[in-house]
Amino acid sequence: MALFPIEQFEKIDTPFYYYDTQLLQHTIATIHQTAPKGSVVHYALKANSHPALLSIIAQAGLGADCVSGGEIRHAINAGITPDKIVYSGVGKTDKEIAMALQLGIDCFNVESSAELEVINDIAGQMQMVAPIAIRINPHIDAHTHHYITTGTSENKFGIDITQMHHVIEYAQTLRNITLRGLHFHIGSQITSVNPFIQLCNVINKLQKELLSKEITIDYINVGGGLGVNYENPDIDSIPDFQSYFDTFAQHIHLQPGQTLHFELGRSVVCQCGTLIARILYIKEGLNKRFAIIDAGMTDLMRPALYQASHKIENLSSNKPAQAYDVVGPICESSDSFGTGVWLNEARRGDFIAIRSAGAYGQSMASQYNSRELPGTFIG
Ligand code: LLP
């Protein structure tokens, strides 16, 4: 079991997110050591945009991948300069596009011809030229949960690979657009390197086709997606960045002068975050025992939304383990963190740790049932 400063937890209202910033620093150091030379790593803010984490990420020199005007502001407030910001998303508003142009971000990852047209118009009105990358949907199934698969023809994301040439030709007719790159993102929580190898093969083929048309591209952005170990966060507290980056270094054929970009979210922040809750009641059911805790799906939505499983520990007991259904206080049956979870014998008031919650935990929290948002403890 990881060590947590329980004495200090006594002073704070639960539930709250505890962040181990030392682990975050080590994780980023590993990224720097293993990323291919000359490549650029953007942090995907959607995973967690807490200012304390963002400022560590900014100081360590990572760029940002944003999907809204709000995220662009958060990135800039944390000290990430606009020239390191890329902006994705299928539904950018006119206001957001104008703001991003004004700030001088590095690149718009464009997801449709219709968006291309609007960016060109707005840039024209502002007498600017917008740097863009075309997000391509490469028809690769990343074999992850269907809600977080993005690279198949069923998904709303990107421009279908079969339409790429047509869209590039169109982009070249637009005066206030400059085509800088190709962008891909095939899904999240990917735990095998195979989908990434497939992605490299698709990119190599596309690059050949573009070369034959004498179209040059400055950079290739392969998105994010590297998974983490939710079952064993203490064994794999830092994801296997070496294998991930080596896969790209070995399989992708970059053209001279081209840079490779990544957009990593989960793998950067997931293991450094833990949701800390307290047991409110132990309830003896007919065939089961419930541990009702003061955190719910409003604080960590992943189990309810994706049937995701997070490791759960009782930090306050050394007694023999018993099976509990760990549930929250929200009026929804899906408000459950796990059934038949083995916890050291639990009592009212015990601290419960829900692990690997640094990514898509606090950033997806809501106030359903008029609840307060979870607090934060920076360790
Ligand atoms: N780039 C783009 C364009 C993305 O859409 C995403 C994530 C990323 C990068 C970062 O991917 P990562 O390295 O974190 O896998 N809420 C879900 C995950 C949604 C991911 C959305 N896109 C979850 O809790 O599992």
Side-chain angles (χ1 to χ4, degrees), residues 17 27-28 31 35 40-49 53 57 62-68 71-72 75 85-92 106-112 115 133-138 140 142-152 155-159 181-193 195-196 199 220-230 239-241 244-245 248 261-273 275 297 299-310 337 354-366:
Y17 276 88
T27 306
I28 300 171
I31 292 174
V40 181
V41 178
H42 301 263
Y43 167 65
L45 265 79
K46 60 175 84 66
N48 192 322
S49 51
L53 305 190
I57 289 166
L62 299 192
D65 163 40
C66 300
V67 290
S68 70
E71 283 191 353
I72 294 176
I85 296 178
V86 295
Y87 179 20
S88 307
V90 293
K92 304 176 185 79
D106 185 45
C107 199
F108 290 85
N109 292 333
V110 173
E111 310 233 8
S112 64
E115 181 191 332
I134 306 246
R135 174 166 179 184
I136 295 171
N137 183 330
I140 294 173
H143 299 292
T144 179
H145 190 280
H146 62 283
Y147 280 11
I148 51 178
T149 293
T150 48
T152 72
N155 301 121
K156 68 178 174 182
F157 298 102
I159 288 162
L182 297 182
H183 174 237
F184 306 82
H185 172 75
I186 55 174
S188 199
Q189 184 53 16
I190 299 171
T191 50
S192 148
V193 294
F196 297 123
L199 176 60
I220 303 289
N221 183 335
V222 293
L226 174 61
V228 306
N229 188 340
Y230 281 96
D240 187 1
F241 289 108
Y244 171 76
F245 286 129
F248 285 97
H261 291 236
F262 297 90
E263 295 170 349
L264 297 175
R266 188 190 316 265
S267 51
V268 183
V269 289
C270 195
Q271 302 293 34
C272 81
L275 177 60
M297 63 193 281
D299 306 298
L300 177 65
M301 205 183 188
R302 304 193 68 259
L305 192 57
Y306 316 116
Q307 297 84 43
S309 169
H310 288 248
F337 291 106
I354 305 181
R355 306 287 307 276
S356 312
Y360 307 109
Q362 197 163 18
S363 63
M364 290 176 75
S366 82

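Just follow the structure's listing: the first ligand is 1, and inside any ligand the first atom is 1. In what follows, every heavy atom counts, from backbone to side chain, and hydrogens, waters and symmetry copies are set aside.
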Checklist entry - For Gly223 and ligand 1, does the shortest N/O to N/O distance drop below 3.5 Å? => result no
Checklist entry - In terms of atom number and element, which parts of ligand 1 are under 4.0 angstrom from non-hydrogen atoms of Leu264? => result 13 (O)
Checklist entry - So is His42 close enough to ligand 1, meaning a heavy atom under 4.0 angstrom away? => result no
Next on the checklist: Heavy-atom distances under 4.0 Å decide this one: backbone, side chain, both or neither, for Glu263 against ligand 1?
Outcome noted: both
Item to check | N or O pair under 3.5 Å between Ser267 and ligand 1 | outcome: no
Checklist entry - Between Ala359 and ligand 1, does any nitrogen or oxygen pair lie at a separation below 3.5 Å? => result no
Checklist outcome for this item: ligand 1 to Arg135, heavy atom cutoff 4.0 Å, flagged ligand atoms 3 (C)
Checklist entry - Between the side chains of His183 and Glu263, does any donor sit under 3.5 Å from an acceptor? => result yes
Next on the checklist: Going by the closest heavy atom to atom 12 (P) of ligand 1, which one wins out of Ala47, Gly225, Ser88?
Outcome noted: Gly225
Checklist entry - Where is the tightest heavy-atom contact between Val41 and Phe245, given as atom of each residue plus distance? => result CG2-CZ, 4.3 Å
Checklist entry - Could Lys92 and Tyr87 be counted as a cation-pi pair, given that NZ or CZ must be under 6.0 Å from the ring centre and within 45° of the axis? => result yes
Next on the checklist: Checking contacts here: is it the side chain or the backbone of Asp65 that comes within 4.0 Å of ligand 1, counting heavy atoms only? Could be both or neither.
Outcome noted: side chain
Item to check | Which segment of Tyr306 sits under 4.0 Å of ligand 1 when only heavy atoms are counted | outcome: side chain
Checklist entry - Side chain or backbone of His185 under 4.0 Å from ligand 1, or both, or neither, by non-hydrogen atoms? => result side chain
Item to check | Side chain, backbone, both or neither: the part of Ser188 lying under 4.0 Å from ligand 1 by heavy atom | outcome: both
